[in-house]
Novice: 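What follows is a structure written as structure tokens; I'll ask about it next.
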Protein chains: 2
Amino acid sequence: MKITISEIAAQAQVSTGTVSRVINGHSTVAKATRVKVLEVMEQLGYAPDPVARELSMRSKYAIGMWVGYGENRLSPYFNVVWRALVREMQERAIQFIELPADLSTWRRPLNAVLVFNTSHVEERMRFLAERDLPAVLIGHFPGVSCVAPDDIGGGRLAAQTLLGLGHRRLLHLSVLGEAQWHADRADGFVQGLKAFGMEQISFVQVHGESSVLGGYRLMRDAWLAGQRPTGVFCATDEMAVGAYGALQDLGVRVPEAMSVMGFDGLAAELQPGLASVAQDIPQIAHESVSLVLEAIDKKPPRQVLVPVYLHEGGSIALAPGGEH
Amino acid sequence: MKITISEIAAQAQVSTGTVSRVINGHSTVAKATRVKVLEVMEQLGYAPDPVARELSMRSKYAIGMWVGYGENRLSPYFNVVWRALVREMQERAIQFIELPADLSTWRRPLNAVLVFNTSHVEERMRFLAERDLPAVLIGHFPGVSCVAPDDIGGGRLAAQTLLGLGHRRLLHLSVLGEAQWHADRADGFVQGLKAFGMEQISFVQVHGESSVLGGYRLMRDAWLAGQRPTGVFCATDEMAVGAYGALQDLGVRVPEAMSVMGFDGLAAELQPGLASVAQDIPQIAHESVSLVLEAIDKKPPRQVLVPVYLHEGGSIALAPGGEH
DNA sequence: CTGAAAGCGCTTACAG
DNA sequence: CTGAAAGCGCTTACAG
């Protein structure tokens, strides 16, 4: 049936306490026994039971996750982050509670709140501050602890990548509205172009919705308006999927005639082959929870930027005409 | 200080066992003591700790969830079902494990497997059968326990709904490939039309991808090919979102000129106002887990069909011209 | 470094 | 009907 810590202890001929110590990486375990225990665990495919773990470790903390409503609640990105967050909390044996949109009706005790994927950020942060509830935001907001992917660096990375392949006519599909993340991605992209020398480059930026349909329409309309870039950088992978579709409908071949890049790193699931600036989502989850713990301890707020990296893919190639 | 069951027991002058019994509604508690205990609980605002509860109630079963890969892993539908499943397992205090796509590398003990959202169903079911692993499928497969939404009934419901509004020129956006669910939805729809009398109806069915882009293209192409339905039934809500977009781009007003219906019931998040044949997803999760438990007990396989219902929305209206 | 033991908060045969 | 006790799977002072 289920294999437990005592099974491991028996097989490794140590006490359960010792097994527990190696699980938790306590340094006070002899190297030989540690190795032995790890071996047995590996062999039996053991994984500690998070529920039992929580019951016995039980940080006194209960932290709430306050998430937004609306269509993006079902977005691929949201779901990936949400799952990473849940897993992180489980691993750290922290009790988490998904909060309702309207917090004012909430009664159960709460040690901190993690705010994610929500609109009205300012209003919400004020609400929490007034109640002295430590808060951490996944995103940007002055004065509170925040964690976010390096959107600017990601934009720059996209620019460098496309420029490196010889592209000189570039299009950026960006997003309407005030959110920081897409502004940063666009800024980073432009920074990358500027570093290279703008005078040699033609660059156009258009704005639409951050969805498949949004990307489709932007790409199609830009093309029909006479834009002829060789490289397109999309603010999200979903938009890139749409752009892909539009190019297909227009008979423009990817990557031969046009290189397409996305942002988020969901390509493997969303559109195999799509090159993308990937976020390190497990790391974002990890940092978020660390900041929450710091906030509970009244440590001063910090802002963490989690690095991004290039997710390679066949959707980008040397610019046509071999300008390079 | 957190208040626990022993606190209640002390105040009510009974044992913790008795308190537990009233918490769980066991009938073997004298009315007077029950009342007394409830009073104390109420007074102290006591709520049982779910973690402790799970640890002690939990069936010793570990059940695996075997899900498919590919883009639909991030689809809204998948995510909604996934979360319902997780919650159901938690409530029943069953340990669940997300299985890797390649089960042959799996070592940890498993009492049963819930198969969901996967391709190669036949192959996978055979794999499990060979290993004597009880299996339950969300979907259709002969000889094993299955649970699925009533796709046929849902198709019929869509037909009745649109016919009831006076629509007589109908289009169905269906899906390419061999899966049962969209065949059933289409069949149900046609059944509904036939029951009404096909000779008074013009009906066209087209096939594409089950995505936003798929719906967009089907709708646009049908229109450009000269189709002029007044009612469109989409095999999924995602396709309906795409169809919506196409109609917008074509300048066709919804619902004045065209009624649009989806299927799945994700409209509230995906496209507010979209009318849809809604699946009862919590119920599907519930039945799945029940069947898994039965399968572990060697009970004979059963096939469960979960009813669907109409999710109302402003995307459907009386047919133009008031044919009704 | 490591074992024995108590404890996290709850449930449930087992007696009576 | 109800209490005493063992148990769910793990952690962590406390000794040694």
Side-chain angles (χ1 to χ4, degrees), chain A residues 1-38 40-41 44-62 89-95 108-109, chain B residues 1-38 40-41 44-63 89-97 108-109 111:
Chain A
M1 204 109 299
K2 172 157 197 185
I3 104 165
T4 72
I5 203 176
S6 15
E7 183 67 19
I8 306 293
Q11 302 248 350
Q13 318 211 42
V14 296
S15 72
T16 58
T18 299
V19 176
S20 172
R21 283 178 205 111
V22 353
I23 289 173
N24 293 285
H26 291 192
S27 52
T28 65
V29 182
K31 180 141 191 204
T33 63
R34 175 203 310 293
V35 170
K36 173 82 183 165
V37 169
L38 286 173
V40 177
M41 293 195 338
L44 303 194
Y46 169 78
D49 182 324
V51 172
R53 212 140 183 276
E54 172 168 352
L55 183 59
S56 86
M57 308 217 314
R58 178 82 75 173
S59 69
K60 327 91 215 158
Y61 302 137
M89 304 265 205
Q90 275 178 183
E91 260 170 26
R92 303 226 207 168
I94 291 172
Q95 245 207 318
R108 292 176 54 188
Chain B
M1 187 62 130
K2 175 159 193 176
I3 103 164
T4 73
I5 202 176
S6 16
E7 182 67 19
I8 305 293
Q11 303 247 349
Q13 318 211 43
V14 297
S15 73
T16 59
T18 298
V19 175
S20 173
R21 282 178 205 111
V22 351
I23 289 173
N24 292 285
H26 291 192
S27 53
T28 65
V29 181
K31 183 144 190 199
T33 65
R34 173 202 311 293
V35 170
K36 172 85 181 164
V37 169
L38 287 173
V40 177
M41 294 194 338
L44 303 194
Y46 169 77
D49 182 325
V51 172
R53 214 140 183 277
E54 170 167 356
L55 184 57
S56 89
M57 305 219 312
R58 122 154 93 217
S59 73
K60 269 107 246 147
Y61 299 135
I63 104 164
M89 304 264 204
Q90 276 178 179
E91 258 170 28
R92 302 228 208 166
I94 291 172
Q95 239 212 320
F96 66 90
I97 309 173
R108 293 176 55 189
N111 297 88

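Note that the structure is predicted; figures quoted are calculated from it, not measured. The sequence lines fix the lettering, A, B, ..., with proteins before strands; numbering per chain opens at 1.
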Novice: Walk me through whether A:Asn24 and A:Arg53 qualify under side chain to side chain contact (heavy atoms under 4.5 Å, CB included).
Specialist: CA-CA 11 Å; A:Asn24 293 285; A:Arg53 212 140 183 276; 2.7 Å; yes
Novice: Looking across every strand, which nucleic acid part, if any, lies under 4.0 Å from A:Thr33 by heavy atom: base, sugar-phosphate, or nothing?
Specialist: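 If one applies the 4.0 Å heavy-atom cut-off, A:Thr33 turns out to touch the sugar-phosphate alone, with no base involved.
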Novice: Quick check for you: among C:dT2, D:dG9, D:dT2, whose closest atom lies nearest to any side-chain atom of A:Leu55?
Specialist: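 Nearest listed nucleotide: D:dG9.
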Novice: Could you tell me how far C:dG16 sits from C:dT12 if I compare only their C1' atoms? Round to whole Å.
Specialist: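 Result for the C1' pair: 16 Å, nearest Å.
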Novice: Can you check the distance between C:dA6 and C:dT2, where both ends of the measurement are the P atom (answer in whole Å)?
Specialist: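 About 22 Å, rounded to a whole number of Å.
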Novice: Please give me the minimum heavy-atom distance between A:Arg34 and A:Val29, naming the atom from each residue.
Specialist: NH2-O, 3.7 Å
Novice: With rounding to the nearest 0.5 Å, note down the distance linking CD1 in A:Ile3 to CG in A:Leu44.
Specialist: 4.0 Å
Novice: I need the minimum non-hydrogen distance between A:Ala9 and A:Ser15, along with the two atoms involved.
Specialist: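 Closest approach of A:Ala9 to A:Ser15: CB-C, 3.8 Å.
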Novice: Whole-Å distance between D:dA4 P and B:Gln13 CD?
Specialist: 13 Å
Novice: Quick one: side chain to side chain contact (heavy atoms under 4.5 Å, CB included) partners of A:Ser6, sequence neighbours excluded?
Specialist: A:Thr4, A:Thr16
Novice: Provide, to the nearest angstrom, the distance between the CE atom belonging to B:Met41 and the P atom belonging to C:dC10.
Specialist: 10 Å
Novice: How close do A:Ile8 and A:Tyr46 get, counting heavy atoms only, and between which atoms?
Specialist: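 Answer, listing the atom of A:Ile8 first, then A:Tyr46: CD1-CB, 3.6 Å.
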Novice: What pair of heavy atoms forms the shortest contact from A:Pro48 to A:Ile23, and how long is it?
Specialist: CG-CG2, 4.0 Å
Novice: Given Watson-Crick or G-U pairs with both distances under 3.5 Å, what dot-bracket string fits DNA chain D, with | for other-strand pairs and [ ] for crossing?
Specialist: |||.||||||||.|||
Novice: Nearest whole Å is fine: how far is D:dT2 C1' from B:Lys36 NZ?
Specialist: 16 Å
Novice: Strictly under 4.0 angstrom, non-hydrogen atoms only: write out the protein contact profile of nucleotides 11-16 of chain D, one letter per nucleotide from the 5' end, B, S or -.
Specialist: BBB---
Novice: Given C:dG9, is OP1 or OP2 found less than 4.0 Å from the side-chain N or O atoms of B:Thr4?
Specialist: no
Novice: With sequence neighbours excluded, what pairs up with A:Ala12 under the side chain to side chain contact (heavy atoms under 4.5 Å, CB included) test?
Specialist: A:Val14, A:Lys36, A:Val37, A:Val40
Novice: If I take atom OG1 from residue A:Thr18 and atom NE2 from residue A:His26, how far apart are they, to the nearest 0.5 angstrom?
Specialist: 11.5 Å
Novice: Between B:Tyr46 and C:dG9, is there a contact of a side-chain N or O with OP1 or OP2 at under 4.0 Å?
Specialist: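 No, outside the criterion.
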